[in-house]
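Below is one structure, written out as structure tokens; the observations come after it.
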Amino acid sequence: MRWLVCLLHFLFFTLQYQPAFFYFSQTNHLCSPEQTSALLQFKHMFTINGSASWLCDQYGHLSYPKTMSWNETTTDCCSWDGIKCDRMTGQVIALDLSCSQLYGTILPNNSLFSLRHLQRLNLAFNDFTQSRISPSFGQLSSLTHLNLSSSFSGSIPSEISHLSKLVSLDLFSYYQLVKLEPYNFHVLLQNLTQLQYLCLARVNISSIVPISLMNLSSLTYLDLEQTGLQEKLSNKIFHLPNLEALNLGYNPYVNWASSVSLSMLRLTGTAFSGGVPDSIGYLNFSGQVSSIFSNPEQLFYLDISYNRLEGQIPNIANLSKVAYFTLITAILGLPIWLYNLPSLKYLSLASNEFTGQIYEFQSKSLNHINLRHNKLQGLIPPFPTIINLFLSKNTFTGEIPSTICNVSFLEILDFSHNSLSGVIPQCLANFSNVLSVLDLRMNNFHGNIPSTFTEGKKLRNIDLNGNQLEGRVPRSLATCRHLEVLDIGNNKINDTFPYWLEFLPEL
Ligand SMILES: *[C@@H]1O[C@H](CO)[C@@H](O)[C@H](O)[C@H]1NC(C)=O
Ligand SMILES: *[C@@H]1O[C@H](CO)[C@@H](O)[C@H](O)[C@H]1NC(C)=O
Ligand SMILES: *[C@@H]1O[C@H](CO)[C@@H](O)[C@H](O)[C@H]1NC(C)=O
Ligand SMILES: *[C@@H]1O[C@H](CO)[C@@H](O)[C@H](O)[C@H]1NC(C)=O
Ligand SMILES: *[C@@H]1O[C@H](CO)[C@@H](O)[C@H](O)[C@H]1NC(C)=O
Ligand SMILES: *[C@@H]1O[C@H](CO)[C@@H](O)[C@H](O)[C@H]1NC(C)=O
Ligand SMILES: *[C@@H]1O[C@H](CO)[C@@H](O)[C@H](O)[C@H]1NC(C)=O
């Protein structure tokens, strides 16, 4: 029988690979010996070191040593991991060695720089931080995509400006080890006119004049988070004709007067103060409400947390696409138009001074609400599509709305530190297949703990501390196998020690 399996195996693979086989037999363009040798030389410049790529975990990427599989015995380097060749010429046109655990230095005479046909090069998240970004990168003049994210240190050389075909340049520096001097920045911007994506996050550009960014008229994505920008940004930056996304987060001195039409705006931790946007007009910094939005129809992501905002958020009801809205540490009134945003999916207004009652939101896709730590009061309205609901540290009163029983995807319910009363709806105990956190700590709930918890795969945390609950601890909790926290202290529970809880493996 074994030979038959082998035969089938053989037929299957030969048939499957036939087109490629014919292709190569016709064109006969495999990796050239020069390229093979350059790549192997490159490989031998580094040691493999897991901690060189530890950041990959942090950003949800798998790290593994791609060059380990590069091997003299398989001479066609086009088949090696991380390498892509031009099918017609056999030239290496793309090299992706991100997260490859490479540790060492890249000197100007590195064999990498002989791969002149490279169009895409990704060396992100390795550790070459003993070397600066070599001027030799400027020789790879076919590059359209260059990603050196968090791998190098030192000044960015002016030679990068020779790469005039670049469409995407990622120089993110997690450790803040990279710097861009004004002159180099200037020449860079003059030549890289094709750039659509530019990330300089955590690169020290404190001494540059941002107005020069205006040369980059093709930019659609600009990330200048935590770059130490000093200058007041010119209005003009927002008039980059194709800009869609802008991140100016964590630049404590950034401030501007402008109107924008973007689809994504992150201003978290800037000195953006005064009022937030009205439909049209200009922002000024004395605390007057005015505008940064000239085309709010496009905006879908708005994060203006950690600023010094005050006053009312004016009507920007035309933010019809906004799905993600965050605002933290501002002194504001909860604006009525928020309730009418049709696409709102994520709303975080935690740690503000919002007062008054809240109402039912119109959005049919609202999954996440965080209104923690405000001064909201009154009854809790229905949230028919909610998944994560954080209303803790307010002064809500009344009972848990019975409509909560109709919500099918509830995962986190945090009503702790309010003045809620009444009994805990039994339905919450039936949710234990989806519900993972039930936090009702520090309220005035009375009556019994729901008696029948259905067998739960998800329920991790039940906190009922500081209420007026009485009766016994429901035995059915023993079926919630993943329970990690059960706090029922400071109630009027009258029970013996629930010895049966000992059998819960994760408690
Ligand atoms: C491995 O990399 C880490 C940081 O990337 C470095 O501190 C350490 O010295 C390296 N270990 C070796 C054996 O090269
Ligand atoms: C190359 O591959 C062959 C066969 O897979 C293996 O025996 C050899 O050890 C490899 N060489 C290196 C340097 O990895
Ligand atoms: C590259 O340059 C370094 C330092 O300048 C030198 O030590 C090394 O031998 C050179 N390597 C090659 C392959 O020329
Ligand atoms: C650069 O590579 C890193 C790691 O793979 C990735 O997270 C990042 O998105 C890349 N940048 C660009 C612009 O593609
Ligand atoms: C701009 O790019 C061209 C073509 O790549 C190059 O010849 C020139 O030196 C570059 N200019 C600067 C200032 O780098
Ligand atoms: C950025 O560079 C400036 C001047 O070159 C320097 O004074 C400053 O300390 C640097 N900032 C950081 C965070 O390294
Ligand atoms: C919303 O857009 C409509 C049509 O584009 C416009 O007439 C209206 O004034 C806008 N409302 C606000 C508050 O900007």
Side-chain angles (χ1 to χ4, degrees), residues 34 37-46 52-64 66 81-82 94-102 104-114 119-136 143-156 163 166-185 192 194-209 218-231 244-245 247 250-253 264 269:
E34 294 77 27
S37 125
L39 287 163
L40 289 171
Q41 264 184 51
F42 178 80
K43 165 182 170 170
H44 295 307
M45 293 304 294
F46 308 101
S53 293
W54 78 273
L55 269 179
C56 301
D57 274 350
Q58 194 95 340
Y59 287 91
H61 300 300
L62 179 70
S63 109
Y64 68 98
K66 290 182 191 165
D81 202 0
L95 187 55
D96 180 357
L97 292 177
S98 58
C99 295
S100 296
Q101 309 184 354
L102 300 175
T105 55
I106 297 188
L107 298 175
N109 60 3
N110 192 292
S111 56
L112 171 71
F113 302 118
S114 66
Q119 293 165 18
R120 288 168 179 258
L121 176 59
N122 189 347
L123 298 176
F125 299 155
N126 290 290
D127 189 346
F128 315 123
T129 54
Q130 303 301 313
S131 43
R132 61 180 288 235
I133 298 175
S134 167
S136 303
L143 282 179
T144 57
H145 293 71
L146 178 59
N147 190 341
L148 303 180
S149 182
S150 302
S151 301
F152 290 86
S153 59
S155 289
I156 296 169
L163 307 178
L166 276 186
V167 170
S168 167
L169 178 59
D170 190 341
L171 296 172
F172 171 59
S173 174
Y174 181 84
Y175 302 102
Q176 297 184 276
L177 295 175
V178 173
K179 193 169 177 165
L180 185 52
E181 319 281 1
Y183 173 75
N184 293 357
F185 190 68
L192 304 191
Q194 313 286 310
L195 268 189
Q196 292 170 17
Y197 182 108
L198 176 61
C199 177
L200 293 174
R202 297 194 183 211
V203 172
N204 188 345
I205 55 171
S206 57
S207 40
I208 66 116
V209 187
S218 304
L219 272 190
T220 58
Y221 181 103
L222 177 60
D223 190 344
L224 299 176
E225 182 167 307
Q226 214 171 342
T227 43
L229 279 176
Q230 301 287 331
E231 293 257 339
E244 286 169 9
N247 185 358
Y250 304 100
N251 286 299
Y253 307 109
M264 179 181 157

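Order of appearance sets the numbers: ligands from 1, and atoms from 1 within every ligand.
- The single protein non-hydrogen atom nearest to atom 9 (O) of ligand 4 is Asp170 OD2, 4.5 Å, given as residue, atom name and distance.
- Applying the 4.0 Å criterion to heavy atoms of Ser168 picks out, from ligand 4, the atoms 13 (C).
- Between atom 1 (C) of ligand 6 and the options Ile205, Asn204, Leu177, the minimum heavy-atom separation is to Asn204.
- Nearest protein neighbour of atom 12 (C) of ligand 3, counting heavy atoms only, is Asn109 ND2, 3.3 Å.
- Between atom CD1 of residue Ile205 and atom CG of residue Leu180 there is a gap of 7.0 Å, rounded to the nearest 0.5 Å.
- Taking every non-hydrogen atom of Ser98 and a distance limit under 4.0 Å, the qualifying atoms of ligand 4 come out as 5 (O).
- Ranking protein heavy atoms by distance to atom 13 (C) of ligand 4, first place goes to Tyr197 CE2, 3.2 Å.
- Closest protein heavy atom to atom 14 (O) of ligand 4: Asn147 ND2, 4.0 Å.
- Between Ser149 and ligand 4, no pair of N/O atoms sits closer than 3.5 Å.
- Distances from ligand 4 to the non-hydrogen atoms of Tyr59 include no value under 4.0 Å.
- When non-hydrogen atoms are compared, ligand 6 lies under 4.0 Å from neither the backbone nor the side chain of Gln176.
- Contact annotation for atom 5 (O) of ligand 3: protein absent (non-hydrogen atoms, distance under 4.0 Å).
- The aromatic rings of Phe125 and Tyr59 lie parallel to each other, with less than 30° between the two planes, well short of the 60° mark.
- With a heavy-atom cut-off of 4.0 Å, His145 does not touch ligand 4 at all.
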